[in-house]
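Working notes, beginning with the structure itself.
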Amino acid sequence: MRSQLSFIPTPFEGEHLLSTMARWGKLQGERDTNQALNRLSDNIRAFTPTNSYEPMFDDFIKHYGDCAERNKLLEQHTSLKYHSALIQYKKIYPVENLIAYNPGGVKPKFSKQVGRLSTLTIPQQSKLAFSGAWRWCQSCSKLDNLRRGTSFWHVAHQLPSAITCYQHHHQILSEGCHDCGFSYTDIRNHSAPPVDDKCPVCSAKIAPKTYTLNEHTQWLLENSMRLLEQQGTLSSPQYSHQMKNGVAGFFAKASSLSRKAPIYLADSLQNEFKDWLFSNGLSVFFKQPELAVDERVLSIDTGRYQARNWPPISVLLWLRFFGVESISNRHI
């Protein structure tokens with residue numbers, strides 16, 4: 001274990017833990033930021049938004065000492081809570097409890113401590129348009145810099161199911177430079193998003209892309225925030241039932257009203273969903289939407305069973321397609 005450090009910054013409200021770590025590295029004033037960060041953990045790797053949990057999170061949290069509320073930090077300063085409803089129980093349980101999951105249901109006399117937790121990667125991330133690079137709200141960056149003396153990377157801006165800011169609902173999130181193609185894929189040397197909206201590589205003006213904003217994109221933003229801020233524990237979050245069983249429930253209801261065999265009904269619904277997705281400008285959430293609709297990430301034939309290891313954007317889109325007004329903890 002690394003020695004206790006004399007100073008560790010407290011995460012700002014809504015700040016991603018990796019942003020806090022990168023900010024600490026910059027405050028060290030060393031020429032090599034990576035060398036400074038290696039003092040935090042033996043597990044330091046690229047600071048990307050593609051994983052909901054990294055072992056280096058815990059290595060960093062340990063430096064706060066006994067007063068640190070570990071699970072609270074993970075829930076409020078990573079995307080773990082947002083993804084938790086669809087993460088397999090055997091994977092999320094050790095992260096929450098730091099002990100091995102016992103599938104037999106009988107608690108051992110001496111719980112087996114987990115030696116090293118595994119990274120939890122965002123499912124199907126290669127198919128998602130907003131999962132590989134850090135995003136930011138230009139209005140938030142300026143406001144944070146004014147209030148805190150620095151801008152910082154928000155957890156909510158990294159949700160793959162959001163294209164606008166949770167605080168400035170009409171502000172589309174910035175993704176990178178359109179001139180040279182630069183994006184913030186690793187923030188170890190970029191502890192804060194730009195306040196001047198200039199690309200750090202070519203100095204061109206960074207402007208958000210243009211997307212269709214409508215009641216569906218607003219619904220996705222609102223319910224994405226519900227997932228991020230939901231009550232309950234990591235292994236038993238508030239919206240777990242609806243996220244895991246909602247699509248299956250609606251399919252079962254449709255099947256009871258149809259004379260089609262389930263496989264043909266699934267195909268019919270898939271075609272309807274595809275038309276709905278593209279006509280409402282919602283295909284922007286996927287890198288290759290034409291392929292995504294026909295693959296597991298958006299397959300109703302897969303979704304008619306209990307959802308496991310799905311990205312939340314897939315389930316949210318399906319629930320919206322079926323007319324859900326808002327996700328809730330009520331049974332389907």
Between the side chains of [X] and [Y], is a donor N or O closer than 3.5 angstrom to an acceptor N or O?
X      : Y      : value
Ser118 : Lys91  : no
Thr119 : Asn51  : no
Thr185 : Ser183 : no
Tyr239 : Asn223 : no

Between [Y] and [X], is there a salt bridge with N-O shorter than 4.0 Å?
X      : Y      : value
Asp301 : Arg304 : yes
Asp197 : Lys142 : yes
Arg70  : Glu96  : no

Worked verdict on Phe130 versus His157 for ring pair (Phe, Tyr, Trp, His ring centres under 6.0 Å): CA-CA 10 Å; Phe130 308 123; His157 293 160; over 10 Å; no

Suppose we screen for salt bridge (charged side-chain N to carboxylate O under 4.0 Å, His left out). Which residues come up paired with Glu75, at least two apart in sequence or across chains? Lys81

Taking salt bridge (charged side-chain N to carboxylate O under 4.0 Å, His left out) as the test, write out the residues that go with Asp186, two or more places apart. Arg188

Going through the checks in order, is the side-chain contact (heavy atoms from CB on, under 4.5 Å) test met by Tyr166 and Leu228? CA-CA 11 Å; Tyr166 67 107; Leu228 185 65; over 6 Å; no

Could you work out the complete set of other residues in the hydrophobic cluster of Phe152, with links drawn between I, L, V, M, F, W and Y side chains under 4.5 Å apart? Phe12

